[in-house]
Every structure is written in structure tokens, then in C-alpha cells.
Asks: 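This structure is in C-alpha cells; I'll ask about it shortly.
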Amino acid sequence: MPAKQVLPGRRPSAVKAAKPAGGAKSARTVKAQGRRRPASGGPLPAGRGPLERLRRTQRQLRKAWDRPLTAYYLIFGSSLLITVLGLVMVYSASMIKALQLGLGDAYFFKKQFLAALIGTVLLLIASRMPVKLHRALSYPVLAGTLFLMVLVQVPGIGVAINGNQNWISLGGPFMLQPSEFGKLALILWGADLLARKGDKELLSQWKHLLVPLVPVAFLLLGLIMLGGDMGTAMILGAILFGLLWLAGAPTRMFVAVLAFAGVIVALLIKTSPHRMDRLACLGATDPGRGDLCWQAVHGIYALASGGWFGSGLGASVEKWGQLPEAHTDFIFAITGEELGLAGTLSVLALFAALGYAGIRVAGRTEDSFVRYAAGGVTTWITAQAVINIGAVLGLLPIAGVPLPLFSYGGSALLPTMFAIGLLIAFAREEPAARAALAMRQPKTGWKRTGQRWKSMRRSVKRRPSGER
């Protein structure tokens with residue numbers, strides 16, 4: 001019998017295929033049978049169980065986590081969310097204080113929002129600046145900061161707030177705290193100094209490792225302590241230790257410098273009754289005699305009354321005059337009262353993501369300046385967040401430092417946002433990240449046509465090989 005012919009317009013698949021010899025099954029039949037669920041009690045096929053699905057999801061997450069732009073998105077996203085949530089909480093925590101002072105309910109929010117706009121401009125500028133320009137700015141930033149910190153101690157120019165003379169009046173309601181810019185100045189200058197000495201292989205000698213980094217840091221610390229700002233001095237000390245650790249300081253030297261700093265801190269605390277009172281309020285659950293621990297205890301009250309999901313945004317009770325500095329140093333307590341444990345854990349998760357991204361940038365770069373600067377910025381933000389949140393929780397003495405990007409204060413927000421711009425710039429400078437961004441961003445200022453580029457230069461035809 002002649003074989004069937006395929007008529008025109010008819011699909012070849014319609015023709016019945018001959019049955020394989022020996023009763024062998026086709027690949028499609030075997031694959032279809034492999035998809036069938038086994039009988040009750042039988043094992044699941046390989047790759048279909050919940051454990052295998054969990055492993056597949058874990059591999060996908062690890063693959064996404066290892067992408068070149070992960071640190072870039074983490075830094076940008078976490079800092080943006082912290083800043084936006086901070087603006088919301090500044091308005092909620094400060095409205096009662098503003099009304100008590102006879103000002104509008106949004107007075108502090110407007111000032112913080114203006115500082116956030118200026119800080120955003122600084123962040124964008126810093127994120128687009130090349131590394132060489134950052135290094136070139138290190139000495140001018142340090143000299144300008146030292147000049148302003150000296151002006152703070154000049155009578156008639158410096159302004160004292162809450163017993164600390166660390167402010168300069170800019171006219172009207174605007175004030176500037178130069179010591180906040182001292183953190184950024186030490187990071188830029190110290191990173192450039194260590195990078196240049198590392199290129200000359202001088203960091204193995206303890207004299208080159210300590211001098212002039214430690215003397216300049218102590219100069220900044222001395223000017224800060226003249227104004228009585230112990231909290232900022234602690235952050236500056238943490239930055240110094242972070243730079244020494246990144247530079248590979250020997251353990252003996254690191255312990256010696258740490259012990260010397262500890263003795264200085266102990267003497268400063270011992271000679272100040274105000275600091276001794278703050279130290280005595282560690283873990284306090286009662287305001288005590290003379291209400292010495294009023295702020296610490298009411299911070300715990302605010303956190304305890306928040307519960308799992310808080311009393312609601314704007315519904316805080318402690319901000320009605322019970323908790324001092326509700327919109328600055330203790331804004332985390334108001335966050336816990338209004339947003340509950342879920343809100344405070346969200347803030348902690350955002351800071352943890354920002355810290356991880358900073359460590360990742362510092363660990364993956366081949367540029368020594370980028371490594372020192374990224375590590376210094378990460379140490380600064382992480383240490384300040386730990387000191388602030390630890391004080392609110394009653395685990396650390398109240399140091400009077402704001403929560404980075406979150407608390408009210410333009411002088412603290414501006415240099416911090418510039419430092420975030422530094423991290424973004426460093427994350428963009430990674431070779432893999434630079435290539436990924438170049439593939440995603442269109443070439444601005446050029447118009448693609450059938451030719452390769454249409455510009456002021458001679459038009460060049462595009463060839464399949466990419467050659468001219």
C-alpha cells in the first residue's frame with residue numbers, strides 16, 4: 001500500500017508517525033508520564049518536592065543578591081526610605097512642640113524638608129563626582145571645617161544650646177553645627193592620606209600609620225570637646241578606629257589607642273556631674289530622685305505603649321510634653337509608640353541593609369581610597385545609629401546624637417546625605433556595576449538612526465560586526 005502523501009496546506013504533524021520498533025515509547029510520552037503525580041503514598045518525582053522548590057528559590061535569591069547593582073540599589077533605596085519616613089515622623093513628633101512655642105504645627109517639618117531638598121542636591125552631586133575629585137576636595141573640606149570649629153569658640157559668634165557651644169547662627173532660625181561636618185572631613189582626608197601612604201607601602205610602619213592621622217583626629221576631638229559635645233566626639237572616635245582597622249593596624253596598636261581613648265572618656269565622664277547622671281540612668285525604670293532619669297524612662301514608656309503595631313500615626317501621648325527632644329534624639333521612641341514594634345524593626349532593617357551595602361562596596365573595590373572612605377562612612381552611620389537607638393532602649397548612656405537621616409536637624413542631615421552620595425558613587429564605580437548601568441541607560445544627547453551615531457562627527461555606517 002503506498003504511503004500517504006501530505007496534501008498541500010496540511011500540517012506534517014497530522015501524519016501519524018510510525019510506532020518505534022520494540023515497543024519503545026517516544027520522548028513526549030515519557031515526559032508526559034513523568035509529570036503524572038504518583039499514587040497516594042508514593043514519593044514525589046525528583047525536583048517536585050517542597051524541599052527542592054525551597055532550594056530553587058534560595059538559589060534564585062542568591063543569584064539576585066549577587067548581581068552587580070545590588071549594593072547600588074540597597075544604598076539608594078534604604079537611604080531614601082529612611083529619609084522619607086524620618087520626614088513623616090519629624091512632622092508627627094514635632095507638631096505639639098511647635099504649637100507650644102507659638103509656631104505653626106509644620107514649622108520643624110518645613111525646615112527639615114528644606115534641608116532634605118538641599119541634601120538631595122548634595123547627594124546627586126556627590127554621586128556623580130569622580131573619585132579623583134572627591135580626593136581633591138579632602139583638604140579643602142578639612143581646612144574649612146577646622147576654621148568653622150574654631151569660630152564656634154569665639155565669643156559672640158558661637159551659640160550655646162542645651163549647654164553645648166557647638167553652633168553658629170546663620171541668621172533667623174537657621175543654625176549650623178560645624179562638628180557634624182567634621183565627620184565627613186575626617187573620612188575624606190583620612191581615606192586620601194591612608195591611600196597615598198598605602199601606595200608607597202608605608203602603612204607597615206607604625207609612625208606612618210598614626211601620624212598625622214591620629215593627631216589631626218585628636219585636634220578635631222579637642223575642638224568638639226571644648227563645646228561639651230561628648231556624643232559627636234564618640235562618633236568621631238569610632239570613625240578613627242574604623243580607619244585604623246581598615247588600614248590593617250596591628251592588634252597591639254589598636255588596643256593601645258583604644259585603651260588611651262577609654263581613659264580619656266572615663267576622665268571626661270568622671271569630671272562632669274551631668275555625664276555621671278546620664279551614666280547612672282542606664283536601665284532605669286523610674287525617674288528617680290529629682291527626675292534625673294525622666295527622659296530615659298519616658299523613652300521606655302513610649303516604646304512599651306506602642307505594642308505590635310503602635311497607637312497610630314500622630315497618636316503619641318509622650319510627645320505632649322512628657323518626652324524631651326521627641327523630634328530629635330528620641331524620635332525612635334515616638335516611632336515605636338506610633339508605629340509599634342513593626343515600625344521600629346522596619347527602621348532597623350533599613351539601617352542594616354544600608355550598613356551591609358556599605359561593607360559590600362568597601363570589600364569589593366580594588367581602589368584603596370574607595371575602601372577607606374566607604375568603610376569610614378559605613379562606620380559613621382552604623383555607630384551613630386547604634387548609639388542613638390541604644391540610648392533610647394536604655395542600653396547605652398544618652399549621648400545626644402541624632403538618628404542618621406531620621407532625626408530633625410539640618411546640620412546633621414546635609415553631611416550625611418553627601419556621605420550617602422559618596423557610597424552611591426563608589427557603588428557605581430565597580431566595573432560590573434558600571435557596565436550594567438551603561439547597558440540600561442540610553443546615551444543622552446545622541447540620536448540613534450540607521451547609521452551608528454548621528455552627531456557633529458562624520459557619520460559612520462553600522463556594520464554587522466560592529467567595525468567601521
Side-chain angles (χ1 to χ4, degrees), residues 57-58 60-90 119 123 127 183 187 231 234-235 238-239 241-242 245-246 299 303 306 308-310 329-365 370-371 373-396 399 401-407 412-413 415-424 426-427 430 433:
T57 303
Q58 184 180 3
Q60 293 174 353
L61 290 176
R62 187 183 295 111
K63 183 179 179 181
W65 195 254
D66 290 336
R67 288 178 179 175
L69 294 176
T70 298
Y72 172 77
Y73 288 130
L74 278 178
I75 296 169
F76 184 80
S78 58
S79 59
L80 177 64
L81 291 175
I82 293 172
T83 305
V84 172
L85 182 58
L87 287 173
V88 174
M89 293 310 305
V90 164
L123 184 148
S127 65
K183 308 169 187 176
I187 289 173
M234 293 173 61
I235 305 300
I239 293 173
F241 289 127
W245 183 78
L246 289 169
L303 290 171
W308 289 99
F309 300 103
D329 302 343
F330 271 69
I331 194 172
F332 188 76
I334 302 299
T335 303
E337 185 180 5
E338 295 186 351
L339 303 183
L341 182 63
T344 55
L345 289 180
S346 300
V347 174
L348 291 176
L350 290 174
F351 276 109
L354 183 59
Y356 167 79
I359 295 174
R360 174 169 170 162
V361 171
R364 293 194 174 190
T365 183
V370 173
R371 180 169 62 254
V377 171
T378 306
T379 302
W380 165 15
I381 296 177
T382 305
Q384 187 164 330
V386 168
I387 291 175
N388 178 275
I389 296 174
V392 174
L393 295 176
L395 302 176
L396 296 173
V401 296
L403 190 59
L405 302 172
F406 202 83
S407 297
L413 184 62
T416 307
M417 294 193 74
F418 188 90
I420 295 297
L422 279 178
L423 290 180
I424 293 176
F426 297 157
E430 292 184 14

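Values in this document were obtained by computation on a predicted structure and should not be read as measured data.
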Asks: Between Thr83 and Ile420, is any pair of side-chain heavy atoms under 4.5 Å apart?
Replies: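 No; the side chains remain at least 4.5 Å from each other.
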
Asks: Checking side-chain contact (heavy atoms from CB on, under 4.5 Å) against Phe406, which of Asn388, Leu85, Leu87, Val90 comes through?
Replies: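 Of the listed residues Asn388, Leu85, Leu87, Val90, the side-chain contact (heavy atoms from CB on, under 4.5 Å) partner of Phe406 is Leu85.
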
Asks: Between atom OG1 of Thr416 and atom CG of Leu422, what is the distance when rounded to the nearest 0.5 Å?
Replies: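 Result: 11.5 Å between the selected atoms.
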
Asks: Quick one: closest heavy-atom pair of Ala342 and Phe309, and the distance?
Replies: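 Looks like CB-CD2, 3.9 Å.
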
Asks: For Arg360 and Leu74, what are the C-alpha separation, side-chain angles and deciding distance, and is it a side-chain contact (heavy atoms from CB on, under 4.5 Å)?
Replies: CA-CA 10 Å; Arg360 174 169 170 162; Leu74 278 178; 5.9 Å; no

Asks: Could you state the interatomic distance from CG (Leu80) to CG (Leu354), rounded to the nearest 0.5 Å?
Replies: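 Rounded to the nearest 0.5 Å, the CG-CG separation comes out at 12.0 Å.
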
Asks: Could you pull out the closest heavy-atom pair between Ala412 and Pro402, with the gap in Å?
Replies: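 Here Ala412 and Pro402 meet closest at CB-CG, 3.9 Å.
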
Asks: Please check this pair: side chain of Glu430 against backbone of Val361, looking for a donor-acceptor N/O pair closer than 3.5 Å.
Replies: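 A pair under 3.5 Å: no.
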
Asks: When you compare the side chain of Val347 with that of Thr344, does any pair of heavy atoms fall below 4.5 Å?
Replies: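 Result no, sub-4.5 Å side-chain heavy-atom pair not found.
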
Asks: Any chance CZ of Phe76 has more than 12 other-residue heavy atoms, nucleotides or ligands included, within less than 6.0 Å?
Replies: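 For Phe76, atom CZ is not crowded (no more than 12 foreign heavy atoms under 6.0 Å).
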
Asks: Measuring from atom CE of Met234 to atom CD1 of Ile387, what distance do you get when rounded to the nearest 0.5 angstrom?
Replies: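 It comes to 4.0 Å.
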
Asks: Is there side-chain contact between Asp329 and Val401, with at least one heavy-atom pair below 4.5 Å?
Replies: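 A side-chain contact under 4.5 Å is absent here.
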
Asks: If every non-hydrogen atom of Gly86 is compared with every non-hydrogen atom of Ile331, which pair is closest and at what distance?
Replies: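 For Gly86 and Ile331, the tightest heavy-atom pair comes out as O-CD1, 4.4 Å.
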
Asks: Should Ser78 and Tyr356 count as side-chain neighbours, where that means a heavy-atom distance under 4.5 Å?
Replies: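 No, too far: nothing below the 4.5 Å cut-off.
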
Asks: Going by the salt bridge (charged side-chain N to carboxylate O under 4.0 Å, His left out) test, which pairs reach into residues 336-356, not counting sequence neighbours?
Replies: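 As it turns out, the salt bridge (charged side-chain N to carboxylate O under 4.0 Å, His left out) pairs with a partner in residues 336-356, which skip direct neighbours, are Lys319-Glu338.
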
Asks: If you measure from CH2 on Trp380 to CD1 on Ile235, what distance do you get to the nearest 0.5 Å?
Replies: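 Here the rounded value is 10.0 Å.
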
Asks: Quick one: pull up CZ in Phe351 and OG in Ser79 and give me the separation to the nearest 0.5 Å.
Replies: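 Reported to 0.5 Å precision, the distance equals 10.0 Å.
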
Asks: Between Leu405 and Leu413, does the side-chain contact (heavy atoms from CB on, under 4.5 Å) criterion hold? Intermediate values first, please.
Replies: CA-CA 6 Å; Leu405 302 172; Leu413 184 62; 3.9 Å; yes

Asks: State the OG1-CG distance between Thr335 and Leu403, to the nearest 0.5 angstrom.
Replies: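 Answer rounded to 0.5 Å: 8.0 Å.
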
Asks: Mark yes or no for whether Thr365, through its side chain, and Ala362, through its backbone, hold a donor-acceptor pair below 3.5 Å.
Replies: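 The answer is no, because no donor-acceptor pair under 3.5 Å joins these two groups.
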
Asks: Show, in sequence, the C-alpha distance, side-chain angles and deciding distance for Ile424 and Tyr72, and conclude whether the side-chain contact (heavy atoms from CB on, under 4.5 Å) test is met.
Replies: CA-CA 6 Å; Ile424 293 176; Tyr72 172 77; 3.6 Å; yes

